[in-house]
Visitor: 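Let me begin by handing over the structure; questions about it come next.
Numbers here simply count residues along the sequence, with the first being 1.
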Amino acid sequence: MIPGQNFNDRLKEQKEAKLAMLKRAKKAELDPEEKQRLMEERAARNEARAKRDAEREAAKKAQREKAAAEKLEKERKAELAKVAKKKAQEELIRAQKARRDAKYAARKNRR
């Protein structure tokens, strides 16, 4: 009979393969100090990232607020310009009417 043909041989090979895998995993496993150092480095990186994200978000918020304030100011100036234009138009009409009335009054006085 050829080795590996019966059930017990296959079971034995599987067990050996499993033990070999566990040995490799144990060898690849980090020692506790190295693991602790890596965890601290990761925590420091995460903290720095969180700080950068918070600063970026604060900058974006400030930019949005600034844009909103500029938009409000622009709208306010546009409204003021609209009111001023309307007043100027009314004043122009009033002045035209006054000139016309003055012209007619002068013509009437000449007679």
Side-chain angles (χ1 to χ4, degrees):
M1 197 172 194
I2 303 170
Q5 287 275 318
N6 66 19
F7 181 73
N8 287 334
D9 288 346
R10 286 197 302 270
L11 203 60
K12 186 177 175 186
E13 285 176 14
Q14 286 177 353
K15 200 170 201 176
E16 288 171 1
K18 185 176 181 182
L19 286 173
M21 183 207 49
L22 289 173
K23 280 183 185 177
R24 286 194 308 272
K26 189 77 170 169
K27 196 182 289 185
E29 194 175 88
L30 298 173
D31 62 328
E33 294 109 21
E34 182 71 12
K35 197 171 188 178
Q36 181 67 24
R37 185 183 64 79
L38 289 175
M39 293 294 279
E40 288 171 1
E41 286 177 4
R42 180 183 295 161
R45 281 195 309 269
N46 289 345
E47 187 178 323
R49 181 184 307 119
K51 187 176 178 182
R52 282 194 313 270
D53 288 347
E55 288 172 358
R56 195 175 299 126
E57 186 59 37
K60 282 183 182 179
K61 184 178 179 184
Q63 182 66 28
R64 284 194 300 266
E65 289 174 355
K66 182 181 176 186
E70 287 174 355
K71 183 179 177 186
L72 233 93
E73 183 65 17
K74 188 176 180 182
E75 289 174 358
R76 188 185 67 80
K77 285 182 178 180
E79 186 65 31
L80 286 175
K82 191 176 177 183
V83 169
K85 185 176 180 181
K86 187 175 180 182
K87 282 184 180 179
Q89 185 67 29
E90 289 173 357
E91 188 61 36
L92 177 66
I93 291 171
R94 202 174 299 120
Q96 287 174 340
K97 185 175 181 183
R99 279 197 302 273
R100 189 178 63 235
D101 290 349
K103 183 172 122 182
Y104 290 139
R107 190 185 296 163
K108 192 174 184 182
N109 285 340
R110 273 186 261 148
R111 292 186 189 166

Visitor: Return the CZ to CG distance between Arg37 and Asp31, rounded to the nearest 0.5 Å.
Guide: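 Spacing of CZ (Arg37) from CG (Asp31) equals 9.5 Å.
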Visitor: Counting C-beta onward and ignoring hydrogens, is there a side-chain heavy-atom pair between Leu19 and Glu16 closer than 4.5 Å?
Guide: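 Result no, sub-4.5 Å side-chain heavy-atom pair not found.
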Visitor: Could you check whether any side-chain heavy atom of Tyr104 comes within less than 4.5 Å of a side-chain heavy atom of Lys108, counting everything from C-beta outward?
Guide: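 A side-chain contact is absent here, since even the closest heavy-atom pair is not under 4.5 Å.
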Visitor: Salt-bridged, Lys87 to Glu90, with N to O below 4.0 Å?
Guide: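 Salt bridge absent between Lys87 and Glu90.
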Visitor: I'd like to know if Lys12 and Asp9 make a salt bridge, using a cut-off of under 4.0 Å between side-chain N and carboxylate O.
Guide: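 Salt bridge absent between Lys12 and Asp9.
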Visitor: Only one of Glu40, Glu34, Glu33 clears side-chain hydrogen bond (donor to acceptor under 3.5 Å, both in side chains) with Gln36; which?
Guide: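 Option passing the side-chain hydrogen bond (donor to acceptor under 3.5 Å, both in side chains) with Gln36: Glu40.
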Visitor: Return the CD to CD distance between Glu91 and Gln96, rounded to the nearest 0.5 Å.
Guide: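 Spacing of CD (Glu91) from CD (Gln96) equals 11.0 Å.
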Visitor: Taking the side chain as every heavy atom from C-beta outward, state whether Glu70 and Lys66 have any pair of such atoms under 4.5 Å apart.
Guide: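 They are in side-chain contact.
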Visitor: How many angstroms lie between atom NZ of Lys97 and atom CG of Asp101, to the nearest 0.5 angstrom?
Guide: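 One finds 6.5 Å between NZ of Lys97 and CG of Asp101.
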Visitor: About how many Å separate CE of Met39 and CZ of Arg42, when rounded to the nearest 0.5 Å?
Guide: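 CE of Met39 is found 5.5 Å from CZ of Arg42.
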Visitor: So that I can tick it off, tell me whether Glu73 and Arg76 are bridged by a salt bridge, with the cut-off set at under 4.0 angstrom between side-chain N and carboxylate O.
Guide: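 Yes.
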Visitor: Which value, rounded to the nearest 0.5 Å, describes the distance between Arg24 atom CZ and Met21 atom CE?
Guide: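 One gets 7.5 Å once the value is rounded to the nearest 0.5 Å.
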Visitor: Ion pair present between Glu57 and Arg64, side-chain N to carboxylate O less than 4.0 angstrom?
Guide: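 Salt bridge between Glu57 and Arg64, a charged N being under 4.0 Å from a carboxylate O: yes.
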Visitor: So do Lys82 and Lys86 actually touch side chain to side chain, heavy atoms under 4.5 Å?
Guide: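 No; the side chains remain at least 4.5 Å from each other.
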Visitor: Please determine whether a side-chain nitrogen of the Lys or Arg among Glu47 and Lys51 lies less than 4.0 Å from a carboxylate oxygen of the Asp or Glu.
Guide: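 No salt bridge links Glu47 with Lys51.
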